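The block underneath contains the structure these notes are about, expressed in structure tokens.
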Amino acid sequence: MSRLRILFAASEVYPFAKTGGLADVAHALPRALIGSFDVHVVLPLYRSIDRQQYEIMPVGEAFEISMGKSVYSVQLFGCTYQGVQYRFVDSPLLSDREFLYGPPEAGYEDNAIRFGIFNYAIIRMLEASKFDIAHLNDWQCGLVPLLLRDRPSIGTNTLFTIHNLAYQGIFPSTVLNDLGIDESYFTMEGIEFYGQINFMKAGIAYAEMVTTVSPTYAREILSEAFGCGLEGFLESHRHKLAGVLNGIDTEHFSPRNDTSLLTPYEDLKGKRLNKSDYLKSIDLKGVNKPLFVFIGRYTWQKGMELLMNILPKIASFECNIAILGEGEAKYSEKLQELSDVYQNVDVHIGYDEVLSHRMYAAADFLLMPSLFEPCGLNQLIAFSYGALPVVHHVGGLVDTVKRFEKFDSSSKNGFGITFERPTERSFLNAISKAMSLYEDKPRYNAIIKHNMSRDFSWQESSKAYGALYTSLIREGK
Ligand code: ADP
């Protein structure tokens with residue numbers, strides 16, 4: 001059998017455009033799959049993407065998309081990067097914006113139309129060239145399975161992956177016409193959601209298979225606490241729902257070869273050099289004190305309330321704390337205030353890939369008090385860089401971080417400090433455990449070394465996706 005052709009569509013892909021974990025996955029998973037499949041990746045050509053650096057050129061395909069009463073012109077661009085073929089969708093309304101989706105933790109008002117264009121462009125690509133599978137990621141690609149229903153001659157099978165159910169792409173029902181979607185889809189079984197339209201719901205309803213990014217999250221989203229209003233709907237599609245754990249690109253996230261680091265390293269001595277360089281760079285003292293790091297979006301999801309409420313208490317310990325992220329203004333402002341008050345707290349507002357790598361390299365502990373976490377990549381990166389994760393045991397953090405109290409050097413898992421309930425008390429208790437463990441150097445070092453030697457790559461999970469693709473083709477449409 002010739003290799004299956006996969007069109008992998010995502011609204012962000014590292015290194016071209018990234019706001020979070022989706023970009024990492026959309027970079028690393030296709031790379032892991034190209035040995036066995038003919039994978040092409042498609043994303044929007046945002047203004048911020050550096051065309052020259054990646055030699056992104058027009059591929060000689062330009063067309064018009066009619067949606068509702070409007071016509072949008074689209075041009076396709078392409079490049080090959082690290083062995084993967086990329087296609088970029090360029091259309092002024094979609095592409096020519098300062099941000100991908102809107103300012104941090106906000107959305108542009110016309111996102112339905114912008115990503116509608118992206119979805120129709122994907123359909124055009126599927127029409128123009130035969131693909132066996134379209135692997136569609138998150139709400140920004142959710143209309144494709146619905147649009148394919150009306151175009152049975154295309155014959156592509158669809159796999160829809162939910163990276164975060166909290167972002168569903170919900171818009172007023174008035175845009176249904178502007179998107180050129182027939183009213184017959186505006187039902188409880190289809191795209192309708194409490195009188196509005198919901199892109200993610202369309203993806204779940206009409207894709208042949210749905211996955212999410214960890215087995216625990218796949219179970220959690222069937223409950224009211226984690227289902228974001230879609231739990232009942234997901235339950236009715238349970239037969240086609242699976243959880244496949246994310247991995248990381250172990251070449252990109254490798255302290256040994258990391259060009260972002262002043263001193264790439266493979267042992268704890270090398271890590272210590274990175275820690276002292278980093279502390280100097282932010283003017284904090286005390287290389288012997290534990291360094292707690294938080295890297296992530298400043299949103300409710302990431303446990304920001306918990307973090308900010310106990311920050312003064314953590315700061316009263318003999319330790320340093322460094323925080324990097326961007327997001328809701330109320331959190332950024334409060335964090336800035338806290339860093340002005342506490343000498344041992346450094347806060348950096350912004351998105352900075354190089355700085356994030358330096359912080360993973362410097363950190364002794366990585367804080368993840370997330371209220372929910374579909375998979376989480378930070379903890380996997382932290383394992384590789386020898387930082388011990390301190391996590392609320394939820395979602396993918398349950399599947400990836402095992403309790404350090406049960407440390408077993410023969411395990412293939414990574415270990416960290418876990419807390420079961422998202423309360424200030426439990427979180428603080430976990431921090432106290434971290435402080436004590438740090439004092440017990442032989443034990444702490446043994447766990448760190450173990451974590452650094454484990455495999456968190458896409459090796460296993462890309463095989464799981466490969467098996468799903470093959471089963472979709474076998475079962476046929
Ligand atoms: P998310 O819910 O944001 O997708 P993940 O844990 O899945 O969370 O992935 C987060 C990714 O984004 C990781 O690679 C992390 O290092 C990176 N990241 C998050 N915030 C920042 C930031 N402010 N600067 C640099 N990298 C960041």
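Here, residue 1 is the first one in the sequence, and each next residue gets the next number. Heavy-atom basis, side chains included; hydrogens, waters and symmetry copies ignored. This is a predicted model, so every value here is computed, not measured. Counting starts at 1 for both ligands and their atoms, in listed order.
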Taking only non-hydrogen atoms of Gly296 and a 4.0 Å limit, the atoms of ligand 1 in range are 19 (C), 20 (N)
Query raised in the report: Could you go step by step and tell me if Glu208 and Thr158 meet the side chain to side chain donor-acceptor pair (under 3.5 Å) rule?
Result: CA-CA 5 Å; Glu208 269 87 44; Thr158 49; 3.0 Å; yes
Can you find an N/O atom of Glu373 closer than 3.5 Å to an N/O atom of ligand 1?
no
Answer yes or no for Met368: is there a heavy-atom contact with ligand 1 below 4.0 Å? no
| said: Please confirm whether Pro374 approaches ligand 1 to less than 4.0 Å, judged on its heavy atoms. | reply: no
Between Tyr108 and Arg114, is there a cation-pi geometry (under 6.0 Å to ring centre, at most 45° from the normal)? no
Report task. Flag Tyr360 as yes when one of its N or O atoms lies below 3.5 Å from any N or O atom of ligand 1, and as no otherwise. Result -> yes
Would you please classify the geometry between the Tyr385 ring and the Phe253 ring as parallel, tilted or perpendicular, with 30° and 60° separating the classes?
perpendicular
Charged N to carboxylate O under 4.0 angstrom, Asp24 versus Lys18?
yes
(Q) Is a donor from one side chain sitting under 3.5 angstrom from an acceptor on the other, for His27 and Gln82? (A) yes
When rounded to the nearest 0.5 Å, the distance separating OH of Tyr438 from CG of Asp364 is 3.5 Å
So CD of Gln379 and OG1 of Thr418: to nearest 0.5 Å the spacing works out to 12.5 Å
shortest atom 22 (C) of ligand 1-to-protein heavy-atom contact is with Tyr351 CD1, 3.4 Å
ask   = Any Lys/Arg nitrogen of Arg358 or Asp277 sitting under 4.0 Å from an Asp/Glu carboxylate oxygen of the other?
value = no
for atom 8 (O) of ligand 1, nearest protein heavy atom and its distance come out as Lys302 NZ, 3.2 Å
| query | For Leu377 and ligand 1, does the shortest N/O to N/O distance drop below 3.5 Å? | reply | yes
Considering distance alone, does some N or O of Asp352 sit under 3.5 Å from an N or O of ligand 1?
-> yes
* **Close approach, Lys18 and ligand 1, non-hydrogen under 4.0 angstrom** => yes
Does the N or O separation between Asp24 and ligand 1 drop below 3.5 Å for any pair? yes
Per ring pair (Phe, Tyr, Trp, His ring centres under 6.0 Å), Phe16 is matched among Phe77, Tyr54, Tyr46 by Tyr54
For Ser356, the ligand 1 atoms with a heavy-atom partner under 4.0 Å come out as 25 (C), 26 (N)
(message) Gly350 versus ligand 1: do any nitrogen or oxygen atoms come within less than 3.5 Å of each other?
(response) yes
So for Leu355 against ligand 1, with non-hydrogen atoms under 4.0 Å, the contacting part is neither
* Does Glu373 come within less than 4.0 Å of Lys302, counting only side-chain N to carboxylate O? -> yes
Ranked by distance from atom 3 (O) of ligand 1, the top protein heavy atom is Arg297 NE, 2.8 Å
Pairs of nitrogen or oxygen atoms closer than 3.5 Å, one from Ile381 and one from ligand 1: do any exist? no
Looking only at protein heavy atoms, what sits closest to atom 4 (O) of ligand 1 is Gly21 N, 2.6 Å
When the ring centroid of Tyr469 is compared with that of Phe37, is the distance short of 6.0 Å? yes
With heavy atoms and a 4.0 Å threshold, my read on which part of Asn378 contacts ligand 1 is both
